[in-house]
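Read through the structure below, which is laid out as structure tokens, and then see the notes.
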Amino acid sequence: MPELPEVETVRRGLNTVVGRRIVSATVGRDRVVRRTSAQTLIDGVTGVEITAVQRRGKYLVIHTTGDQRVMIHLRMSGQVLITAADSAPPAHTHVRMTLDDRREIRFVDPRTFGEVVAYRVRDEPEVVPELIRLGPDPLVDGIATKYVVAAFAGRRRRLKDALLDQSVIAGIGNIYGDEICHAARISPLRPVGSVNRRGVVRLTDAIHRVLADAVAAGGSTLGDAQYVGVDGAAGTFQNHHRVYGRTGLRCRTCGRGLIRRTVVSQRSTHHCPVCQR
DNA sequence: AACTGTCCCTGCAAGC
DNA sequence: TGCTTGCAGGGACAGT
């Protein structure tokens, strides 16, 4: 499931299209452009040059020489692929943007939870209001201990909930939320207000370390959702998961606890009851 | 502030 | 074996 490391891997892959011109675009399924329209996307990108690809949390934003930007969110099963323009598109290819070098950017998404939205820069607050509400990005901005201490003070919500809140920290999803809690040796079920300063220091360290390691590994590719980079390559960080998807197995860190699965905010949550408190 | 519920959709697993 | 049904899965957001 694409979270910060997977989206960052895609962003880096998209660097090879910076400087290229989009010569044509097609939309096969209107659902993925639900906020605007297929025609808005086509008109917005046809003929423009890609000048930069940014990432904020799990959001990708393509900047162009035109007055439009393109926001892409992969949600659960979205993929962005760069292929030869004349290769056969896989099933569930919903958007194709053909470049001036015979390559093509494709948005593929079996479940169509993901979306691709073109919008004028000045319309950003109306069309993609979530972007403004995002908290700091661990890779781009870094997460300061002081900020987290303030965000947690006096709050009762569970740590896992807070980590999944994109307005607190941008980019953490279910997998990395669990892995970060484990690396910080704090239970995801702990109320955030009960985490002391030393715990917050471990947590901010864990956020940076886990996400950086996952980016270095090209993200996590799980069985069903089939996350891959723009070249179709799978990530390898799933091989280093210490708790996610390891229900009932022995903790790889302490060697004593059995990984427990609970549900927090209707999300499966994994932790070691022995080394996470 | 802190929750719960809903929606989006497909593929797979379980059940008949 | 082949069909039908149920539901997991992540994130945003509306509602309480």
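For clarity, every value in this text was computed on a predicted model and none was experimentally measured. Within every chain, numbering begins at 1; the chains are lettered A, B, ... in the order of the sequence lines, protein sequences first and strands thereafter.
- Only A:Glu130, A:Arg133, listed by number, bring a heavy atom of residues 119-145 of chain A to less than 4.0 angstrom from any atom of DNA chain C.
- C:dA12 atom P lies 13 Å from atom CZ of A:Phe113, rounded to whole Å.
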Derivation and outcome, salt bridge (Lys or Arg N to Asp or Glu O under 4.0 Å), residues A:Asp165 and A:Arg157:
CA-CA 11 Å; A:Asp165 185 338; A:Arg157 69 201 309 209; 3.1 Å; yes
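- We find that A:Glu8 and A:Arg11 are joined by a salt bridge, their nearest charged nitrogen and carboxylate oxygen being less than 4.0 Å apart.
- As a whole-Å value, the separation of A:Asp165 CG from B:dA2 P is 10 Å.
- For A:Asn174, whose side chain is taken as the heavy atoms from C-beta onward, the closest listed nucleotide among C:dG10, B:dT10, B:dA2 is C:dG10.
- Mapping A:His73 and A:Arg261 onto DNA chain C by nearest heavy atom places A:Arg261 at the nucleotide closer to the 5' end.
- Note on A:Tyr59: only backbone sugar-phosphate atoms sit closer than 4.0 angstrom, heavy atoms only; bases stay farther off.
- Contact between the side-chain N/O atoms of A:Arg29 and the OP1/OP2 oxygens of B:dT10 is found at a separation under 4.0 Å.
- If you check every strand for non-hydrogen atoms under 4.0 Å, A:Tyr244 touches sugar and phosphate atoms only.
- Ring geometry, A:His73 versus A:Tyr59: the interplanar angle exceeds 60°, so the pair is classed perpendicular (tilted spans 30 to 60°).
- Across the protein-nucleic acid pair, A:Tyr227 atom OH and B:dT10 atom P stand 23 Å apart, rounded to whole Å.
- Within 4.0 Å (heavy atoms only), A:Arg34 reaches no atom of the nucleic acid at all.
- Checking A:Thr204 against A:Tyr147 by side-chain atom types alone, no donor-acceptor pair falls below 3.5 Å.
- Using a 30° and 60° split on the angle between ring planes, A:His241 and A:Tyr244 fall in the perpendicular class, above 60°.
- In this structure, the CZ atom of A:Arg111 is 16 Å from the P atom of C:dC7, given to the nearest Å.
- Between the NZ atom of A:Lys58 and the C1' atom of C:dG9 there is a distance of 13 Å, given to the nearest Å.
- Phosphate contact (OP1/OP2 of B:dA1, side-chain N/O of A:Arg157, threshold under 4.0 Å): absent.
- Atom CG in A:Asp109 sits roughly 18 Å away from atom P in C:dG9 (whole-Å rounding).
- One interatomic measurement links the two molecules: CZ of A:Arg75 to P of B:dC8, which rounds to 12 Å at whole-angstrom precision.
- A:His92 places its NE2 atom 15 Å from the C1' atom of B:dC8, with the value rounded to the nearest Å.
- Interatomic distance, A:Arg96 CZ to A:Ile42 CD1, rounded to the nearest 0.5 Å: 12.0 Å.
- Only one option out of A:Lys58, A:Arg55, A:Arg56 pairs with A:Asp137 in a salt bridge (Lys or Arg N to Asp or Glu O under 4.0 Å); it is A:Arg55.
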